[in-house]
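This report concerns only the one structure given below.
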Amino acid sequence: MINYKEIERKWQAEWDKSKIFEGDIGPKEPYMVTAAYPYVNAPQHIGHMRTYGTADVLARYKRMQGFNVLYPMGFHGTGTPILAFAKRLQGKDEELIRELRIFHIPHDEMEKMTDPLYIANYFANEIENGMHKAGYSIDWRRKLFSIDPYYSKFIEWQFGILNEKGFLTQGRHPVGWCPVENNAVGMHDTLHDVEPEIEEETAVAFEVDGKGEFMLCTTFRPETLPGVTNLFVKAEATYALCNIDGRSGSYYIAKEAIEPLAHQLKISVAKEVPGEELLGNVCINPLTGAKMPVLPGFFVKEAVGTGLVMSVPAHAPFDYAALERLRLSGNAVAAGIKPIKVIEIEPGKQAGRAKMKESDVPAAAYLALLDASAGSSDNAIEEATKLEYKDESHWGRMIAKGYEGMSEPDARDKIKDELTKSGKGFSLFVLVNSPVYCRSGHKIVVKIVENQWFLNYGDKEWKKSVADLFPSVKVLPDKSRRVFESAIEWIDLRAVARAQGLGTRFPVDRNYIIESLSDSTIYMSLYTIMPMVRNLPPEKLTPQFFDYALLGKGDADDISKSLGIDYDILRKARESFEYWYKSTSRHSSPDLIFNHLTMYLYNHVAIFPKEYWPKQIVVNGTVLSEGEKMSKSLGNIVPLSDGIEKYGADPLRFVVIAAVDLFNDSNYSPDAVSGVGERLEYLYNSAANVGNLGSGSLKHIDYWLYSKLNRKIDTVTKSMDILELRVASTDMLYNSILELKRYFARGGDNSVVVKEYLSAVTLMLSPITPHISEEIWHLLGGQTFASIEKWPMPDESMVSDKVERQEDIVDSVIADSRQVLEIVSKKGGKHPKEIRLIVADDWKRMASNLLAETKSVGKAMDSVKSDKAKALGESATKVEIGAVADYMNALAKKMAGLKESGITQADELSLLEEAKYYIGSMVGLKVTIEKESESKSPRAKRSMPEKPCINAE
RNA sequence: GCAGGGGUGGCAGAGCUUGGCCAAAUGCGACGGGCUUAGGACCCGCUUCCUUUAGUGGAUGCAAGAGUUCAAAUCUCUUCCCCUGCACCA
C-alpha cells in the first residue's frame, strides 16, 4: 500500500525548495494561467478543485511543453459576505456554526471571527494551505488580496479610466430593501438565502365618477384594460385616500399597502375609509371611458399591490370566479356583468391548451381544463391563471378595438405607454415572492435607488469591440462559445456602487463602495507586477504608476523622479507585464459566464491595448458528491483537506479534475477515488519491478506495446491541448494497466520496453497526478523533476494497425473457442482434448481484399475469372471457381464492414504459433495449428482470414 | 416567458460533428467461477431474447412517433419529459 500523504509531502517540499514553479521573465515563451480567485469566507472543499485543479493541469502541461508558465493566485474579500459572516457569528447563528464545524474550525477561532479582517486572513491562510496540499503549481510570491490598500489603488486607477472613457452612468434602479436597517438586500442577505424577485407592474388609475378621486389598481397585464368590467376591493379592509407626490388628484390605496409602496412613492394620507364604503363607487376605465361598478372580491389581499384589483373576467380566472360567486349569492350587479373578450388564441396556430367554443369565456375554459370551477380552491384557480397567462402571452392576438391583431406583449407596451402619457398609469415594482425577510428578520420591500451608478455595458461601441474580439478568443470547451456570445450581447447596465461592504471607495462618489464583481475584472494583470507593487508604499501607487506599468504610458525616468520610485523597479514592472500578459488563459465555472467572465472581456477591451486582450477562456463543470449537488445545507460538502487526508491529493485530482470532460459535472465518490488510488499503485509497483524483467530482441508483443504507447501519446496530447481530459486520463491510467497486464500475460518480459512505456505514461500523468508521477519517475531512474520534464513525443513509425489487429485476432480466437467448447459440452459429446486452429489460405484473403476494393461480387468475380492466378495468387489455381463464388457470396452480406487487410496466412500462422500457449491457458486445452490447404478436417473450408476455423477434438 | 444544454443497457457515462466495423467503450453493481482459513483485495467469465450436433447467425433495441437512406443511437420533422441561467449577487 503506498502512502500517498508521505509521497505528496515529500515532493511538495522538493518543489518548494527547488522553486521550479516560480515564474520569472526568461527566454522561453510565456504562458500565464489564472483562475477566479477564491472568496475568503470558508476553506476550500473538493468542489473547488475543479477550477483550480484544471488550471493547474493546464499550467503543468504547458510547462512540460516547453513554456515558461506562471500560475499565480490571490484572494477575494470585497463585498458584503464577510461582513454578514461576522454579524451572523456575533449573533451565534447556528446554521453558520454548523457549516464551520464541517470544516473543523476550532471553537476558539470562531470566537475571534467577529472581526471581518480576521476572518479574511484566517481563511486566506486556510485556502492557501489547502491549495498547497492539493499540489497546485502556484507561484505564491505573487499572492494578492482584494482588500489590501495597493489593490484599492489599482481599482481606483481602473475606474478613473472607465470614467474618463464615459462608461459610467447614473440612473434609477429598483432593489430589494430592508426598511429597518436601511440597506439593499441581495440573496446573501436574506433569511435562508432567498433571492428577492422584483418585477415591474403597472398602476392604473380609475377615476371615481365626478369626484376627482381615483381608484389605483395594479396589474401585470395592462393590455387587458379594454376588457375590464368592474373593480374589486376587500370590503373588510381599510382603505386610505392619499396624495402622491408629483401626481394630481387623490388615490385610494389599501392602508396595508401604503408602507411597502412608500419606498417607491411619496404618499400622504388624507383620510381613511372602510372598504365597504368604496363599493358604491362608479369608476371610469381610463382607456375606454366605460363606467363600471366596484364589487367585493374574495381573493383580494390588501397588502398586495395597492389592494385594489381591476377585474377582467374573460381572461382572469380569479376575476371570473369572484363574479360567479357573487352572482350565485344573488348579487344583481355581478349578475349583470358580461365578460369582455379582448384576446384570442390565433386559430390554426399551435393553440392554447384549453379547447373552447366561440362563445366561451377563456377564463372559464381554463378552469374547466383543470377540472376546476368558480368554486374551486385558490390553488386551482391560480394554476388556471398561470396556464392562461402563458398561452395568451405566447399565442394570443388582441381583438379589442384599436389593438386588433397585436401580440399581447406588443399591446402591453403600447397601452402602458398610452397610460403613462395620459397620466393615468405608471410603473411600479413589486416583490413577487413576498414575503422575503432579511437576516435580522425584517420584511423586505422594493426601493427605487435614485442616482445609482452603473457601468454601461450597453454602450454600442464598447459592445461591438468586445463582439469583434471574441471570435479570436479560444474558448474551452468550444460549445460554451455560444453562451458567451449571448452574454456579450445581453449584458447591459450594471450597478457598480453599493452602500456597504468591504472594498474600494467609488472614486466618483466616495460614499459608495465598488461592487465586488466590478472590482475583479482585470486584477489578473496585477499579478504580473505584484512583486514590485508589494514593496511600494500605497501612496506611491498613483494612476501615473499604473499607467506606466500596465499601459506603458509616460516616461520611466520622469515617473521615477516624480513618484520617488526606483527607476529599475518601474522598468521591471513594465517588462514583467509586457512579458506575461501576452499569453493568458482564464479559468472559471459556467455560472460566471454571465457576469464575471463577460465583464472580464469588456474591461480588458476598455482598458488595455489589443495585444493584451484575453486569449483563452476555460470553463469547467462542477463537482457532484455521489451524484448530488454539493451544498452546505445538504451537509454533503467534503472539505478539501479531508479528501486529501483520506485518499491523497493525486487520486482525488484524478477523479475530480480528469475523469470527465471539461464541461460536464464530475462526480466525487469514495469508491471511484480509492479505485484510482489502487490503479496508480499498480503503475508504481510495475515501475518498482522493472529491474526484475529480462531483455533481448523484440517480439511481436513488444511491438504491440510500442504501438499502443505511441498511439496513446498522440491521442493524449491531442486531448490535453483542448483539456478534454476524460479520454486522456482513462487512456493513461485504465488502458495502460490493461495493456501492461496483457503484455505480461502474453509473455512480455523486456525491461527496456516496459521502462520506456512506464516513463512516457508517468510523464503524461504528471499534470494530473503530479506527486505519484514524480515518485514513479524517480523509481524508474529519473534524476530530474517529472513536473518539468519534456512532454513525450509520439513515434509514428511505431504505431502499427497490423500489429494491434493481430492481438485482436488472438482475442477473438479465444472468445470463439470458448463458445465452441460451451456448445460442445452442452450437446454432451465427449470432452475435447485439444483445440485445432485451421488458418485460411491466402486466396481467401485476396478474394476478401478484392471484394473490399470493388464492393461488388460481380466485379470481383470478373477479375477472378479473367485471371485467377493474378487475382488470387499462384497457389490458388487449384481452387475451383465455384468455391470462390460461394465464398464471396457468403462475404457479401458483410460487404459494408469489409476492409482490406495486409495480414497473410504466414502472418497469422506465426502469430498463432507464438500465442498458442497463451490461448491454451485461457481456454484450458492444448492448441494446435494447421493450414487450411493441409487440413484433413471437413470443416477446414469454414476458415476465414483472421477467423481461423476452430476444431475442438 | 426568454436563452442554453439534455433524454443511451440495473446505475454512472461514452458514442452522436464525419450514418455502416454498435447489442453499443469504460467504471460501478448483480451473477457464476478461481484464489484463500475467510474475504471488502486479486484473477477469469457473464450481464436483451432466440437460434446453432459446434463459434464468425437472427430478432428486438439507444424518450415516443414519423421520415430520409441499401443502411440511423447517429441526419430531418413532430410530440413528451428533464436540467441550468435570467443580473447588481459572490
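The chains referred to below are lettered A, B, ... by the order of the sequence lines, with proteins before strands, and numbering in each begins at 1. Just so it is clear, the values below take in all heavy atoms, side chains as well, and ignore hydrogens, waters and symmetry mates.
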* 5′-ward residue of the pair N595(A)/L738(A) relative to RNA chain B ->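 Taking each residue's closest nucleotide, the earlier one in sequence belongs to L738(A).
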
* **Along RNA chain B (nearest heavy atom to each residue), the more 5'-positioned of K947(A) and R679(A)** =>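 The residue closer to the strand's 5' end, by nearest nucleotide, is R679(A).
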
* Asked: Can you name the closest pair of heavy atoms from E946(A) and S812(A) and give their distance?
  ->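 Shortest heavy-atom separation between E946(A) and S812(A) comes out as O-OG, 4.4 Å.
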
* To do: Looking only at non-hydrogen atoms, find the nearest pair between I155(A) and D519(A) and report the distance.
  =>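 Minimum heavy-atom contact is CD1-O, 3.3 Å.
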
* Any donor-acceptor N/O pair under 3.5 Å between A3(B) base and R482(A) side chain ->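 Checked by distance alone, the answer is no.
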
Side chains of [X] and [Y]: do they bring a donor and an acceptor to under 3.5 Å?
X       : Y       : result
S520(A) : Y37(A)  : yes
N595(A) : Y600(A) : no
N735(A) : T730(A) : no
E489(A) : S486(A) : no
T51(A)  : N620(A) : yes
H596(A) : T598(A) : no

Looking for any heavy atom pair under 4.0 Å, which part of the strands does [X] touch: base, sugar-phosphate only, or nothing?
X       : answer
V483(A) : sugar-phosphate
H76(A)  : sugar-phosphate
P948(A) : base
S516(A) : sugar-phosphate
N951(A) : base
L493(A) : base

* With sequence neighbours left out, write down each residue that passes side chain to side chain contact (heavy atoms under 4.5 Å, CB included) with V923(A), or none if nothing qualifies. =>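 Residues passing side chain to side chain contact (heavy atoms under 4.5 Å, CB included) with V923(A): I814(A), S817(A), L821(A), I835(A), I919(A).
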
* List for me each residue that meets side chain to side chain contact (heavy atoms under 4.5 Å, CB included) alongside S729(A), sequence neighbours excluded, and say none if there are none. =>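 In terms of side chain to side chain contact (heavy atoms under 4.5 Å, CB included), with neighbours along the sequence ignored, S729(A) is linked to F654(A), A658(A), I768(A).
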
Measure the distance from [atom1] on [X] to [atom2] on [N] and round it to the nearest whole Å.
X       : N      : atom1 : atom2 : value
L592(A) : C88(B) : CG    : C1'   : 14 Å
I809(A) : U56(B) : CD1   : P     : 18 Å
E485(A) : G5(B)  : CD    : C1'   : 16 Å
D731(A) : G27(B) : CG    : P     : 13 Å
E739(A) : A25(B) : CD    : P     : 18 Å
F594(A) : G85(B) : CZ    : P     : 11 Å
E223(A) : G1(B)  : CD    : C1'   : 13 Å
D492(A) : C88(B) : CG    : C1'   : 12 Å

* Nearest to side-chain heavy atoms of Y734(A), which nucleotide of U56(B), G27(B), A90(B) ->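 Ranking U56(B), G27(B), A90(B) by closest atom to the Y734(A) side chain puts G27(B) first.
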
* Asked: Which of these nucleotides, A87(B), A90(B), G55(B), is closest to any side-chain atom of T80(A)?
  ->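 The closest nucleotide is A90(B).
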
* Structure fact -> With B for base contact, S for sugar-phosphate-only contact and - for none (protein heavy atoms under 4.0 Å), nucleotides 8-15 of chain B reads ------S-

* Asked: How does RNA chain B look in dot-bracket notation if pairs are Watson-Crick or G-U with both distances under 3.5 Å, crossing ones as [ ], other-strand ones as |?
  -> ((((((((.[[[..)....(.....]]](.((((.......)))).)(((......)))...[[[[[..)....]]]]])))))))....

Check nucleotides 41-45 of chain B for protein N or O atoms closer than 3.5 Å to its own N or O atoms and list the pairs.
{"from": "C43(B)", "atom 1": "OP1", "to": "K741(A)", "atom 2": "NZ", "distance (Å)": "2.3"}

Between [N] and [M], how many Å separate the two [atom1] atoms, rounded to a whole number?
N      : M      : atom1 : answer
U60(B) : A72(B) : C1'   : 15 Å
A64(B) : C80(B) : C1'   : 7 Å
A90(B) : U17(B) : C1'   : 37 Å
C46(B) : A24(B) : P     : 12 Å
U76(B) : A25(B) : P     : 25 Å
G9(B)  : C77(B) : P     : 24 Å
U48(B) : U26(B) : P     : 14 Å
A63(B) : U74(B) : P     : 8 Å

* Asked: For the ring pair Y523(A) and F145(A), is the centre-to-centre distance below 6.0 Å?
  ->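 No, the ring of Y523(A) stays outside the 6.0 Å limit from the ring of F145(A), centre to centre.
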
* Asked: Does the separation of the ring centres of W453(A) and Y512(A) fall below 6.0 angstrom?
  ->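 Distance test on ring centres: not under 6.0 Å, no.
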
* Is the phosphate of G55(B), meaning OP1 or OP2, less than 4.0 Å from a side-chain N or O of S812(A)? ->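 No, because none of the side-chain N or O atoms of S812(A) sits under 4.0 Å from OP1 or OP2 of G55(B).
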
* **Ring-face cation of R494(A) near Y602(A) (centre distance under 6.0 Å, axis angle within 45°)** =>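 R494(A) over Y602(A) ring: no.
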
* Residues that R818(A) engages under side-chain hydrogen bond (donor to acceptor under 3.5 Å, both in side chains), provided they are two or more places apart ->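 Residues passing side-chain hydrogen bond (donor to acceptor under 3.5 Å, both in side chains) with R818(A): none at all.
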
